[in-house]
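Just so it is clear, the values below take in all heavy atoms, side chains as well, and ignore hydrogens, waters and symmetry mates.
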Amino acid sequence: MKPNMKVLSLLSALSMSAAVVQTTSAQKPAAQAAASTAPVAFVYVSNTPGSGANKVNAYAAAANGKLTPVAGSPFADNLTSMVVNGKYLLGSNKAGVYVAAFLIQSNGSLRWTTSTDVARFNTSGCVFPSPLILDHTGANLYLASTVGSLCDSTEHQSFTIDKPTGALRFVGSTSQTFLFDTPLTIGANNVYAYGTDCVNFQGNVTDTFHVYKRGSNGLLTLTAINPPTPPPPTSGDFYCRSQTAADPSNHLAVSVQAIDVSTSQPDGQPQLATYTADASGNLTTPSTSGNMPGTAVGFVTNLSMSPSGKLLAVAGQSGLQIFHFNGSSPITAYTGLLTSNDIEQCFWDNANHLYAISQNAGKLYVFTVTPTGFSQATGSPYSIHAPANIIVQPK
């Protein structure tokens with residue numbers, strides 16, 4: 001009997017379709033497994049393992065926040081402050097003379113490419129390791145350089161980053177500011193940068209709030225903008241502002257401490273103010289002593305805004321706390337202390353993880369935090385001797 005060619009063709013097609021379905025079905029779990037094991041971020045911590053040079057500990061962060069050391073870590077790179085722009089990790093060396101550039105490999109390991117002598121642009125001879133920040137595009141690097149005849153002032157040096165090598169090209173420096181060395185925060189529009197500092201100078205507490213503008217070539221220039229201070233809780237107090245963090249919508253969180261004018265001593269807990277920036281960099285605030293939440297972290301060492309702008313991490317000498325950040329509306333309380341150990345620095349990734357270092361305790365903490373829940377991640381905390389600085393490269 002003559003075979004039915006239509007039937008054979010149909011059976012053949014069905015057989016091939018089944019094979020394709022089986023192959024696709026087999027591929028899906030493998031792809032899902034690969035996605036689930038792929039790191040969501042690389043975490044870099046500079047530390048002093050004992051005496052001598054610093055090292056950089058590199059970790060791959062899993063989706064659940066668990067950290068795994070990167071191949072080759074720790075790297076014998078003598079760094080303190082670090083920044084990342086997706087391609088390079090750039091770090092100030094321990095002596096403050098160079099900023100070194102390292103290519104971030106696909107597995108998170110670091111490969112040195114070049115070092116730039118930044119001390120030669122400081123004519124005062126006050127050479128110390130300096131805080132580094134980047135603009136939002138990662139094209140410009142800013143370095144807070146200590147200057148002055150008594151090394152008691154700061155000027156912010158501006159650099160462009162050479163894409164092929166990571167080398168820095170000097171653009172210029174800002175005018176000098178007295179007793180001001182906290183890292184700047186660049187606002188959401190990438191045009192204005194803000195910085196505050198609260199310093200006890202010879203028994204007198206000084207409150208400083210500076211606003212800088214970025215030029216088209218990346219050069220920072222000090223402006224005459226004078227942001228308002230929240231009204232103090234009593235006539236015998238004034239608020240001193242010390243740390244800043246920006247959200248993605250032109251708002252700024254600022255830590256403030258009431259100071260007794262007669263004694264120059266803190267009066268109560270540090271509190272958290274919110275500011276709104278207009279297109280010209282001017283700031284306004286609805287914050288008052290009555291609507292600003294207090295924080296239990298003691299002296300505030302760092303503020304870190306989540307990528308969504310909904311959560312604010314507050315680090316201090318007495319621990320770490322999370323607050324709801326509400327844009328132009330008052331900041332509201334969320335967690336208690338996540339740890340009572342001192343926390344010097346903290347950074348977020350893009351997967352709801354917060355990473356924080358405690359220098360005295362020698363710990364690296366990882367927390368999973370959303371607006372509705374928080375927990376310490378698997379494996380946290382990790383022991384690191386004398387961690388100095390931390391930076392996170394989200395994937």
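- Under the 4.5 Å side-chain heavy-atom criterion for grouping Ile, Leu, Val, Met, Phe, Trp and Tyr, I104 is not connected to V99 through any hydrophobic cluster.
- Heavy-atom contacts from other residues, nucleotides or ligands closer than 6.0 Å to OH of Y98 number 12 or fewer.
- You'll find the side chain of L311 reaches within 4.5 Å of the side chain of P371, heavy atoms only.
- Shortest non-hydrogen contact noted between I161 and G138 is CD1-O, 3.5 Å.
- Side-chain contact check for S73 and N57: no donor-acceptor pair (N or O, by modelled atom type) lies under 3.5 Å.
- Remark: the backbone N or O of Q271 is not paired with any side-chain donor or acceptor of Q257 at under 3.5 angstrom.
- By the 4.5 Å heavy-atom criterion applied to side chains, C198 and T206 are not counted as neighbours.
- In this model, no donor atom of one side chain and acceptor atom of the other lie less than 3.5 Å apart for N352 and T368.
- The shortest non-hydrogen separation linking D260 to D267 is N-CB, 4.3 Å.
- At a threshold of 4.5 Å between non-hydrogen side-chain atoms, the residues N189 and N250 count as touching.
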#### Entry: Steps toward side-chain contact (heavy atoms from CB on, under 4.5 Å) verdict (L312, V314)
CA-CA 6 Å; L312 176 70; V314 182; 4.1 Å; yes
### Task
Please test L338 against Q376 for side-chain contact (heavy atoms from CB on, under 4.5 Å), starting from the C-alpha separation and ending with a verdict.
CA-CA 8 Å; L338 298 181; Q376 192 162 181; over 6 Å; no
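- At least one donor-acceptor pair under 3.5 Å links the side chain of N291 to the backbone N or O of P286.
- Between atom OG1 of residue T332 and atom CZ of residue F323 there is a gap of 9.0 Å, rounded to the nearest 0.5 Å.
- Heavy-atom contacts from other residues, nucleotides or ligands closer than 6.0 Å to NZ of K55 number 12 or fewer.
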### Query
When you look at Y212 and H156, which way does the ring-ring contact (aromatic ring centres under 6.0 Å, His included) test go after all the steps?
CA-CA 10 Å; Y212 297 82; H156 293 274; 5.1 Å; yes
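- Follow the hydrophobic side-chain contacts under 4.5 Å out from L303 and you never reach F347; the two are in separate clusters.
- Between H324 and Y334, the ring centre distance stays below 6.0 Å.
- Note that OH of Y88 is 7.0 Å distant from CG of D162, once rounded to the nearest 0.5 Å.
- For the pair N190 (side chain) and H136 (backbone), a donor-acceptor distance under 3.5 Å is present.
- For the residue pair Y365 and N341, a side-chain donor N or O sits within less than 3.5 Å of a side-chain acceptor on the partner.
- Taking 4.5 Å as the limit, some side-chain heavy atom of L110 sits within range of a side-chain heavy atom of Y44.
- No donor-acceptor pair closer than 3.5 Å links the side chain of T80 to the backbone N or O of K94.
- The shortest distance between side-chain heavy atoms of L141 and L90 falls below 4.5 Å.
- With hydrogens and angles ignored, the 3.5 Å screen pairs a side-chain donor or acceptor of T274 with a backbone N or O of G327.
- Side-chain atoms of T263 come within 3.5 Å of backbone atoms of Q265 as a donor-acceptor pair (strictly under, hydrogens ignored).
- Side-chain contact, T229 with R241: a donor N or O sits under 3.5 Å from an acceptor N or O.
- S255 and S242 are linked by a side-chain donor-acceptor pair at a separation below 3.5 angstrom, with hydrogens and angles left out of the test.
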### Working for side-chain contact (heavy atoms from CB on, under 4.5 Å), residues T196 and V254
CA-CA 8 Å; T196 56; V254 179; 4.3 Å; yes
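- To the nearest 0.5 Å, atom SG of residue C346 and atom CG of residue L364 are 11.5 Å apart.
- Under the 4.5 Å side-chain heavy-atom criterion for Ile, Leu, Val, Met, Phe, Trp and Tyr, V366 and V40 are members of distinct hydrophobic clusters.
- Residues F102 and L134 are members of separate hydrophobic clusters, defined by side-chain heavy-atom contacts under 4.5 angstrom among Ile, Leu, Val, Met, Phe, Trp and Tyr.
- For the residue pair S280/N282, the side-chain donor-acceptor check at 3.5 Å is not satisfied.
- In this structure the side chain of L320 never reaches within 4.5 angstrom of the side chain of V297, judged on heavy atoms.
- Neither side chain, N78 nor N93, offers a donor N or O lying under 3.5 Å from an acceptor on the other.
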### Query
Between F209 and Y194, is a side-chain contact (heavy atoms from CB on, under 4.5 Å) present by the stated rule, with each step listed?
CA-CA 7 Å; F209 199 146; Y194 304 91; 4.0 Å; yes
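- A side-chain donor from one of T295 and Q321 sits under 3.5 Å from a side-chain acceptor of the other.
- In this structure, Y275 has its ring center no closer than 6.0 Å to that of H251.
- Annotation for I390 and Q345: closest pair N-OE1, 2.9 Å, computed over non-hydrogen atoms.
- In this structure, the separation between CG on L220 and CG on L222 is 9.5 Å, given to the nearest 0.5 Å.
- In this structure, CD1 in I186 is found 8.0 Å from CG in N140, a value given to the nearest 0.5 Å.
- Clustering ILVMFWY residues whenever any of their side-chain heavy atoms sit less than 4.5 angstrom apart, transitively, puts V118 in the very cluster that holds L132.
- Using modelled atom types, no side-chain atom of Y239 and backbone atom of T288 make a donor-acceptor pair closer than 3.5 Å.
- Taking the six-membered ring for Trp, F159 and F121 have ring centres closer than 6.0 Å.
- Judged purely by atom type and a 3.5 angstrom limit, T335 uses its side chain to pair as donor or acceptor with the backbone of I322.
- What you find for K363 and P387 is that their closest heavy atoms are O-CG, 4.2 Å.
- Residues T378 and S380 have side chains not in contact (no heavy-atom distance under 4.5 Å, counting atoms from C-beta outward).
- The 12-atom threshold is not exceeded at NZ of K213, counting heavy atoms of other residues, nucleotides or ligands nearer than 6.0 Å.
- Here the closest heavy-atom approach between residue N122 and residue Q157 is recorded as N-NE2, 3.9 Å.
- Looking at L89 and Q393, their side chains never come closer than 4.5 Å, going by heavy atoms from C-beta outward.
- At distances below 3.5 Å, at least one donor-acceptor pair connects side-chain atoms of T223 with backbone N or O atoms of V211.
- Using a 3.5 Å distance cut-off with no hydrogens or angles, the side chains of S358 and D342 do pair a donor with an acceptor.
- Considering OG of S306 and CG of D247, their distance stands at 9.0 Å, rounded to 0.5 Å.
- Summarising the geometry of S130 relative to S92, their closest heavy-atom pair is N-OG, 3.5 Å, with the distance given to 0.1 Å.
- With W348 contributing its side chain and Y355 its backbone, the two residues share no donor-acceptor pair below 3.5 Å.
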